[in-house]
S.K.: 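The structure's right below; bear with me while I get my questions together.
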Amino acid sequence: MIGVFDSGFGGLVVLREFLQVLPQYDYLYLGDNARIPYGTRSDRVVLRFTEQAVDYLFRQGCQLIILACHTASAKALRTIQQVYLPVHYPDLRVLGVVIPTVEEALARSRRGSIGVIATEGTVASRSFELELHKLDPGVEVVQQACPLLVPLIESGEQDWEGTDMILRRYLAPLKAAQVDTLILGCTHYSILKDKVAAIMGDGITLVCSGQVAAAKLVDYLKRHPEIESRLSRGGTRRFLTTDLTPRFQMLASLFMGNAVDSEVVEL
Ligand code: DGL
């Protein structure tokens, strides 16, 4: 199976893109809804929670896990790849969404001026900035934490005019810096993509990690037949969550486009 992990149900946006391009595989989705948000937590806690999730998914039989959560990708992925996997699961792989998104943003940026909006934790980790500068030291990067957006979307307030006002405020420094490309660096933000595009105006290129991660996964599996050959091809999808409330069901429909049946698990 391919495991897809997120702090909650926002990662279903990413899973949806995987299903478009790679529908043949079996997928196991895990949302840590009991402990969302990760975006406000320390590095140590995000790492611990993410390791628990990865361990759980591997024990269920996943051969490859994608961290759809940007905060987990930014704060935990490197340690998981370099320290945790070699000791616990040397033959298995965990991938994230930051590097594919960075590569895409650099490929699409015309003037080398890239904005990043993300959770507080992702911005504080400077992961996007560091990865962008690793690939292109000359690129100008403007980051903006948007701590209110996840709670607003989770409360179903994405169409409220107050959300527009807050979004305009968050985007003002990026507009002022005249970034030509903007990374939507959080699972939830693609829900606000049209609003962001309207506020930023003509000429802005938006990079959403879901689509990018899906295209990069296709490419990754072509380059790694030793992983691809281990993936089962039954076309099944299972959804696991660490907590289930009616709101999560509503959010799952918002992110996935259709209702999902989730099983509650303990990590
Ligand atoms: N999934 C998180 C991310 O993509 C957003 C929600 C949270 O803060 O946990 O950064």
Side-chain angles (χ1 to χ4, degrees), residues 3-18 29-54 57 65-78 80 94-102 105 116-129 131 143-158 163 166-167 170 182-193 196 206-214 239-243 245 247-248 250-252 254-256 267:
V4 178
F5 171 66
D6 184 40
S7 55
F9 276 144
L12 290 172
V13 171
V14 179
L15 174 64
R16 204 167 152 179
E17 300 293 339
F18 292 165
Y29 183 91
L30 172 61
D32 192 6
N33 285 294
R35 302 191 291 195
I36 193 174
Y38 281 19
T40 49
R41 297 189 191 276
S42 66
D43 293 5
R44 190 177 56 83
V45 168
V46 172
L47 177 62
R48 178 157 56 86
F49 288 177
T50 308
E51 277 180 0
Q52 288 169 352
V54 161
L57 287 170
I65 296 173
I66 320 292
L67 302 184
C69 179
H70 294 63
T71 307
S73 295
K75 286 162 98 81
L77 180 64
R78 189 172 293 272
I80 287 180
V94 180
L95 307 174
V97 287
V98 170
I99 292 178
T101 308
V102 158
V116 181
I117 54 172
T119 64
E120 270 174 300
T122 300
V123 167
S125 76
R126 296 180 55 224
S127 282
F128 276 104
E129 192 186 336
E131 296 299 340
Q143 294 199 99
Q144 175 68 46
C146 306
L148 293 174
L149 297 186
V150 168
L152 282 167
I153 295 166
E154 299 255 312
S155 316
E157 297 291 1
Q158 62 276 6
T163 303
I166 290 163
L167 198 52
Y170 283 146
L182 179 60
I183 293 175
L184 306 190
C186 171
T187 44
H188 289 52
Y189 298 174
S190 62
I191 302 284
L192 300 173
K193 190 177 174 192
V196 173
L206 299 184
V207 180
C208 282
S209 54
Q211 284 164 351
V212 175
F239 301 91
L240 309 178
T241 177
T242 51
D243 192 14
T245 66
R247 165 168 313 171
F248 295 148
M250 180 276 283
L251 287 171
L254 174 70
F255 290 120
M256 191 65 185
L267 298 187

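In this chain, residues are counted from 1 in sequence order. A quick note: this is a predicted structure, and the numbers were derived from the prediction, not measured. One-based numbering, in listed order, for ligands and for the atoms of each.
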S.K.: Write out each pair where an N or O from ligand 1 and one from the protein are under 3.5 Å apart, with the distance.
M.R.:
| from | atom 1 | to | atom 2 | distance (Å) |
| --- | --- | --- | --- | --- |
| ligand 1 | 1 (N) | Asp6 | OD1 | 2.8 |
| ligand 1 | 1 (N) | Ser7 | OG | 3.0 |
| ligand 1 | 1 (N) | Thr187 | OG1 | 3.0 |
| ligand 1 | 4 (O) | His70 | N | 3.0 |
| ligand 1 | 4 (O) | His70 | ND1 | 3.3 |
| ligand 1 | 4 (O) | Thr187 | N | 3.0 |
| ligand 1 | 4 (O) | Thr187 | OG1 | 3.2 |
| ligand 1 | 8 (O) | Tyr38 | N | 3.4 |
| ligand 1 | 8 (O) | Gly39 | N | 2.8 |
| ligand 1 | 9 (O) | Ser7 | OG | 2.6 |
| ligand 1 | 9 (O) | Tyr38 | N | 2.7 |
| ligand 1 | 10 (O) | Thr71 | N | 3.2 |
| ligand 1 | 10 (O) | Thr71 | OG1 | 2.6 |

S.K.: Distance-only criterion, 3.5 Å: show the donor-acceptor pairs between side-chain atoms of residues 7-18 and protein atoms not counting sequence neighbours.
M.R.:
| from | atom 1 | to | atom 2 | distance (Å) |
| --- | --- | --- | --- | --- |
| Arg16 | NE | Met256 | O | 3.3 |
| Arg16 | NH1 | Phe255 | O | 3.0 |

S.K.: Could I get the full list of side-chain hydrogen bond (donor to acceptor under 3.5 Å, both in side chains) partners for Arg247, not counting sequence neighbours?
M.R.: none

S.K.: Roughly how far apart are Cys69 SG and Phe49 CZ, rounded to 0.5 Å?
M.R.: 12.0 Å

S.K.: Could you check whether any side-chain heavy atom of Ile80 comes within less than 4.5 Å of a side-chain heavy atom of Val54, counting everything from C-beta outward?
M.R.: yes

S.K.: For the residue pair Val123 and Val116, establish whether any side-chain heavy-atom pair is separated by less than 4.5 Å.
M.R.: no

S.K.: Kindly list each side-chain donor-acceptor pair under 3.5 angstrom involving residues 184-192, sequence neighbours excluded, with atom names and distances?
M.R.:
| from | atom 1 | to | atom 2 | distance (Å) |
| --- | --- | --- | --- | --- |
| His188 | NE2 | Glu154 | OE2 | 2.6 |
| Tyr189 | OH | Ala118 | O | 3.2 |
| Tyr189 | OH | Cys146 | O | 3.4 |

